[in-house]
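For reference, the structure discussed in these notes is given below.
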Amino acid sequence: EGPALMFYPRRHITTQGSTVTFQIVAEEVTSLMAAELHIEFDPSKLEIISISQGSLFQNGQESIFSYDIGENSIEVLTTLLSSSAPSVSGTGYLMQIEVKSLQSGSASILFNGSDVFRDPDNNQITILEKINGLVAVE
């Protein structure tokens, strides 16, 4: 039961050197106007190949999507700009992350706990559940 923030799929099973794609899903949100995400990963195990905006804030609306990739983290800010429809409700993709597996074993890609959802009045929306991602290399 939401609101929730999760990696989809939760786990990829792949081979070393392969690239996999995760979607970051906002699930069962009400009046979501903005999301600030803080994602961490082990740079010795995973390489971030690309990041792109998901469809949740793009359905015919103006939005901002910005991100910064650090040594072992990704910070993302995405928000709606539309005054006619200042928020969205329901479930949808906030963003997509393409990662490359660098070594065998398991590698987590996870929310660091300081992620925030906001409504049109800039009030924080409590995220009830967060589900991290896992890349398992065989």
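From Leu56, atom CG reaches atom OG of Ser89 across 9.5 Å, with rounding to the nearest 0.5 Å. Interatomic distance, Asp68 CG to Ser73 OG, rounded to the nearest 0.5 Å: 7.5 Å. Between the CD1 atom in Ile64 and the CG atom in Leu81 there is a gap of 4.5 Å [rounded to 0.5 Å]. Atoms OG and CD1, from Ser101 and Ile13 in turn, are 12.5 Å apart once rounded to the nearest 0.5 Å.
Within the 3.5 Å criterion, the main-chain N or O of Ser106 finds a donor-acceptor partner in the side chain of Lys45. Judged by distance alone, the side chain of Thr79 and the main-chain N or O of Met33 form a donor-acceptor pair under 3.5 Å. Within the 3.5 Å criterion, the main-chain N or O of Asn123 finds no donor-acceptor partner in the side chain of Asp121. Formation of a donor-acceptor pair under 3.5 Å by the Ser31 side chain with backbone atoms of Asp119 is not found in this model.
Counted within 6.0 Å of CZ on Arg11, heavy atoms from surrounding residues, nucleotides or ligands total 12 or fewer; the atom is thus considered open.
In the model, Gln16 has no side-chain atom that pairs as donor or acceptor with a side-chain atom of Gln103 under 3.5 Å. Gln96 and Thr21 share no side-chain donor-acceptor pair at under 3.5 Å. Defined by atom type and a distance below 3.5 Å, a donor-acceptor pair is missing between the side-chain atoms of His38 and Glu40.
Between Phe22 and Phe7, the ring-plane angle classifies as perpendicular under the 30° and 60° cut-offs.
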